[in-house]
Amino acid sequence: MKYNHNEIEAAWQQYWKENGTYKTTEDASKEKFYVLDMFPYPSGAGLHVGHPLGYIASDVYARYKRLQGFNVLHPMGYDAFGLPAEQYAIQTGQHPAITTAQNVKRYREQLDRIGFSFDWSREVQTCDPNYYKWTQWIFKQLFNAWYNNDTDKAEPIASLIKHFETNGNVGVNAASEEVESFDANAWNSYSTEEQEQLLLHYRLAYLADTWVNWCPGLGTVLANEEVKDGVSERGGFPVERKLMRQWSLRITAYAERLLQGLETIDWTDALKEQQRNWIGKSNGAAVTFQVEGYDHTIEVFTTRPDTIFGVTFMVLAPEHDLVDEITIADHREEVEKYVEVAKNRSERDRMSDVKTITGTFTGAYALHPFTGEKIPIWIGDYVLAGYGTGAVMAVPSGDQRDWGFAHHFDIPIVPLIEGQDVSEGADPSKDKVMINSDFLNGMIGSDAMIAAIEAIEAKGFGKGKVNYRLRDAIFSRQRYWGEPFPVYFNNDLPTVLSDGELPLELPEVDKYLPTEDGEPPLARATSWKTADGHTMEYSTMPGWAGSSWYFLRYMDPNNNDAFVARDKVDYWNQVDLYIGGSEHATGHLLYARFWTKFLYDLDLIPMQEPFQKLINQGMILGRSSFVYRVNGTNQFVSFGLRKEYDTTRIHVDVNIVDNDELDTDAFKAWRPEFANAEFILEDGKYLCGHEVEKMSKSKWNVQSPDELCERFGADTLRLYEMFLGPLEQYKPWDTKGITGVYGFLKKLWRLFHNDEGLQLSDEAPSKAELKALHKTIKKFREDLDRYSFNTVVSNFMICVNELTDLKCNKRAILEDLVVLVSPYAPHIAEELWKKLGHTESVSYATLPEFDPQYLVEDSFTYPVSFNGKMRFKMELSAALSKEEVEKEVLASEQTAKYLEGKSPKKVIVVPKKIVNVVV
RNA sequence: GCGGAUGUGGUGAAAUUGGUAGACACGCUAGACUUAGGAUCUAGUGCCGCGAGGCGUGGGGGUUCGAGUCCCUCCAUCCGCACCA
């Protein structure tokens, strides 16, 4: 009787569906376990073999936890808003909802074919109005909240308004923009518009003129993490700086808590470090410099207040507010020209050209707070508008960038360290004796730092300060396919819709492009207004809005009264295991943590961190194949001969290449333009070049799981993807080894069957059989507890090999073995479980316990080494004591041979049963 | 430049606390069997050597009875951040 994977898998997938095998309900009597995958964007290309890697690992773990008796939540859904569907809509006019629904359908078919134990009754799609209703609702909560630094949490905006009414903003310690102080009388005298304008400076979701990354190619603004090397992450279009009125979320209010929270979660150091860098905390001081002859001050942030006596100039970012105000007439033309050039430079140019030092003098001077000396104020684009205050106090002897600027423009450089030579460069050391620094002279830098901050604070020039690199998150996108803001404009002031008006659904538009006057696509919906005729917000939310809280919605996906019921989130709480790619390190994972902390502050959920344990699965890379076209012809030259011609390398579909040999007929049929292709062969063959790179449709190196499921079955695919290597590792896809795991399943099948059919024995298992089984139980539990998914597969193979050698068909052994195998190969496990006489799914079985008594040995082969070098092995009774082993070893003939007449210094017998003789 | 990782046979990789390096699988070699199957089985397979034996976890050094594992140092590859004051 042969192992027919197609028949078995289809039957059991049907069974699971019909019986709701994986439907999960809250059950207070059972301990919960939440296993989550990063939900996919349903792209038109369907799943390739890389996608399921993480899903298989999480499915194995979820099934493992179920066997241990946990109530496991293991859901799946779709991150369904996104650019590709919208770009497709622009080209074809087809509504993105239709494209998305088609793609979702295909994803579902492919996922089902692999046999995942998802509870599909909890599926969420971020583009579903019943879902984004609550994304909009959470946005409203952010809009209606401010961050109180004194209580260190978000609070309702109403409490702030109450404070304003009685005390003005005196005594308010909020995460906010710079706001001039006002008292209660002033507040109460303001118009509603003025009050609202002020409140925007405090709200956690706020509308403000902001320097943004504008991407003309996509027609939208982008967040910092959506820009890589000055071009958009999606599409690779150039990005420029632009001042625009945009929605932002005040994530900076949470910077410190986002940093501290990392200590409480089980993520890799690499990932935590990436988040720490992104948050970019630095300790230092804010120092205020008076501008000579003006009523202006310049505030700078410095991490080196100890070097304040080395300040010989100041530099403002070209975008700095004061540039225009303080520039004196003689320099105005020069400065305006410089600012104009700096503004028109794309981010990419600016980044790629960091070596060229540029800047210009404003003609204005600041006064040194301690010495009163005149300090020239320059502008230069090495100072970034977005970091600190957009202005620096320049210390050329202590900072290499300042040194470069001073050197280039011939500005004086004052040495600050004993014996320092400032002609070659700056010395940023903090452990050397200071000079030229008034009351700091003779101290070392790190002590001077403390003294300097004290003096600065005492004299009122500034104070010690912590600065973060993290910027507020731009939340507007000028696109169609995203969540509409639940916002309309009343006299230009943003006003949120009432809860009853949610969801605010996307309106229909005639085209998915911006309007002629540059408004976002939603502005095309001319009838889209509030009942009393107010204009709506035309931007939509970014892709990460819906993904920042989806793990909560799975707990209660159909709730119409709340984003999640409190008792459900109390039960399911944190995600215990989260698996996904590392590309979300500074995007999704940071935003989801931010929203979680915010919802915690409002006392809506019980946890501060969403994902307790996180594993980044490594990407599965594709092996691309190339043909070489001789330029200007339709001739293609084989890989080995390509150097003799002037050629262009072209990706070719890997499905028409076998072992680097191109199927030339298939190539001609592949694309019309190649129908008349001619080939220059080597050894009668056309050989392709190859390279390992990311799997993608455009590189023609995509391997779909469908064909492998058909040929070897889903169980084989699952085992093989786990067997490939450590989950976290990047690896090129390669099916060479798949026959190995397929062979394992066939061997497992044959333990139950011979040529006649089922053959099970009720005899008591032998000692050797029990040993083989219990060795595997032990490894299985140990390996999965440390998330080592690949080693488990090898141990299965060892076990089946041993049982095959023992010709074991004992029911008692096979029962436990089937349960062990079921997380990896659920279909065959169900089939065999049924053959063992069970009527319930193997998912409800109990994981066998490991019993150490079966691993106890009568005798043991002791490896004997001399000075750590293994020499021979000795079979001795396992019951012997260390001393007895030592005696036996020393008395043996082999030992005498290796001692060569010398006497041993000592003999070491270690618990791992290795004997080392020291000579 | 800063930060993080990784380096083991022909290949994917094991080796959990320092204790027989290379399990398991692919590939390869030789053979068996046959209803010729993308089948199964047997033996071999780190390198050098006919052999005894020697050498082996990127290079060099150290600690230890004993190091893939710990420490120092250098090299290579990958990833992230980057005029961040």
Side-chain angles (χ1 to χ4, degrees), chain A residues 2 225 228-229 268-278 280-282 284 300-304 307 315 317 350-351 353-357 380-384 386-395 398-402 404-405 428 467-471 582-583 585-586 618 711-712 720 723-726 728-732 734-744 746-747 750 779 782-783 785-786 788 790-799 801 804 861-873 904-919:
Chain A
K2 282 186 79 176
E225 71 287 339
K228 294 264 143 82
D229 300 323
T268 61
D269 288 339
L271 192 57
K272 287 186 182 181
E273 203 52 35
Q274 258 188 72
Q275 292 219 338
R276 283 191 200 106
N277 288 343
W278 193 259
K281 180 179 183 174
S282 39
V300 300
F301 174 75
T302 176
T303 54
R304 295 296 304 276
T307 63
V315 187
R350 189 165 161 169
M351 285 166 69
D353 186 26
V354 295
K355 277 141 279 160
T356 317
I357 295 166
D381 72 358
Y382 85 95
V383 175
L384 304 176
Y387 182 75
T389 60
V392 300
M393 58 174 229
V395 183
D399 183 289
Q400 192 53 44
R401 293 155 304 172
D402 296 344
F405 197 86
N467 201 50
Y468 298 93
R469 197 192 79 113
L470 185 68
R471 304 287 86 215
S582 58
E583 64 273 22
T586 50
R711 210 165 105 191
F712 297 104
Y720 184 59
F723 178 73
L724 269 178
E728 299 86 343
Q729 211 151 85
Y730 278 59
K731 48 215 156 201
D734 177 358
T735 50
K736 268 195 298 193
I738 202 164
T739 52
V741 289
Y742 189 50
F744 157 73
K746 286 195 282 196
K747 277 185 179 174
R750 271 199 306 276
K779 286 294 285 175
E782 282 174 358
D783 288 355
D785 284 342
R786 64 189 172 104
S788 176
N790 55 326
T791 49
V792 174
V793 183
S794 297
N795 286 302
F796 283 161
M797 293 190 191
I798 295 169
C799 184
N801 286 345
T804 303
T861 309
Y862 286 81
V864 180
S865 35
F866 288 76
N867 293 334
K869 187 88 203 158
M870 227 288 284
R871 292 299 178 180
F872 61 88
K873 288 171 185 175
K905 286 191 188 125
K906 63 177 162 175
V907 179
I908 295 160
V909 183
V910 297
K912 290 222 172 169
K913 303 202 171 177
I914 285 148
V915 184
N916 191 20
V917 182
V918 186
V919 186

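In what follows, chains carry the letters A, B, and so on, assigned in the order in which the sequence lines appear, proteins first and then strands, with residues in each chain numbered from 1. Note that these values count all heavy atoms, side chains included, but never hydrogens, waters or copies made by symmetry.
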With rounding to the closest Å, how many angstrom separate the [atom1] atoms on [N] and [M]?
{"N": "rU8(B)", "M": "rA67(B)", "atom1": "C1'", "answer": "14 Å"}
{"N": "rG22(B)", "M": "rU57(B)", "atom1": "P", "answer": "14 Å"}
{"N": "rG44(B)", "M": "rA23(B)", "atom1": "P", "answer": "13 Å"}
{"N": "rU16(B)", "M": "rG7(B)", "atom1": "P", "answer": "13 Å"}
{"N": "rU11(B)", "M": "rG62(B)", "atom1": "C1'", "answer": "34 Å"}
{"N": "rG12(B)", "M": "rG60(B)", "atom1": "C1'", "answer": "30 Å"}
{"N": "rC2(B)", "M": "rC83(B)", "atom1": "C1'", "answer": "13 Å"}
{"N": "rG51(B)", "M": "rU45(B)", "atom1": "P", "answer": "13 Å"}

Inset, instruction - Please step through side-chain contact (heavy atoms from CB on, under 4.5 Å) for the pair Met393(A) and Thr307(A), ending with a clear verdict. - result: CA-CA 10 Å; Met393(A) 58 174 229; Thr307(A) 63; 4.1 Å; yes

Legend entry - Gln274(A) side chain near rA5(B) phosphate (N/O to OP1/OP2, under 4.0 Å):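 For Gln274(A), the contact criterion (side-chain N or O under 4.0 Å from OP1 or OP2 of rA5(B)) is not met.
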
Residue [X], side-chain atoms from C-beta onward, closest of [options]:
{"X": "Arg469(A)", "options": "rC81(B), rC83(B), rC41(B)", "answer": "rC81(B)"}
{"X": "Tyr387(A)", "options": "rC84(B), rC41(B), rG4(B)", "answer": "rC84(B)"}
{"X": "Val383(A)", "options": "rG38(B), rA85(B), rC81(B)", "answer": "rA85(B)"}

If pairing requires Watson-Crick or G-U wobble contacts with both distances under 3.5 Å, which nucleotide is the partner of [N]?
{"N": "rA15(B)", "result": "none"}
{"N": "rU64(B)", "result": "none"}
{"N": "rC50(B)", "result": "none"}
{"N": "rU8(B)", "result": "none"}
{"N": "rG27(B)", "result": "rU45(B)"}
{"N": "rU35(B)", "result": "none"}
{"N": "rU20(B)", "result": "none"}

Legend entry - Ion pair Lys779(A)/Glu782(A), N-O distance below 4.0 Å: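 Looking at Glu782(A) together with Lys779(A), the answer is no, because their closest N to O distance does not fall below 4.0 Å.
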
Inset, instruction - Could you encode protein contacts along nucleotides 14-26 of chain B as a string, one character per nucleotide from 5' to 3', using B for base contact, S for sugar-phosphate-only contact and - for no contact, with a heavy-atom cut-off of under 4.0 Å? - result: SSBB-BB--BBSS

Inset, instruction - Apply side-chain contact (heavy atoms from CB on, under 4.5 Å) to the pair Val907(A) and Val918(A), showing each step before the final yes or no. - result: CA-CA 6 Å; Val907(A) 179; Val918(A) 186; over 6 Å; no

Legend entry - Residue pair Asn916(A), Val910(A): steps toward the side-chain contact (heavy atoms from CB on, under 4.5 Å) verdict: CA-CA 8 Å; Asn916(A) 191 20; Val910(A) 297; over 6 Å; no

Scan [X] against the nucleic acid and name what it touches under 4.0 Å (heavy atoms): base, sugar-phosphate only, or nothing.
{"X": "Arg471(A)", "value": "nothing"}
{"X": "Arg711(A)", "value": "base"}
{"X": "Gln400(A)", "value": "nothing"}

Inset, instruction - Check the pair Phe744(A), Tyr720(A) against side-chain contact (heavy atoms from CB on, under 4.5 Å), reporting the backbone distance first and the verdict last. - result: CA-CA 11 Å; Phe744(A) 157 73; Tyr720(A) 184 59; over 6 Å; no

Inset, instruction - Answer yes or no: is there a donor N or O on one side and an acceptor on the other, between the side chain of Arg401(A) and the main chain of Tyr382(A), under 3.5 Å? - result: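 Checking the backbone N and O of Tyr382(A) against the side chain of Arg401(A), no donor-acceptor pair under 3.5 Å is found.
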
Legend entry - Check: Thr735(A) side chain, Ile738(A) main-chain N or O, donor-acceptor pair, under 3.5 Å: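 Looks like no, no N/O pair under 3.5 Å.
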
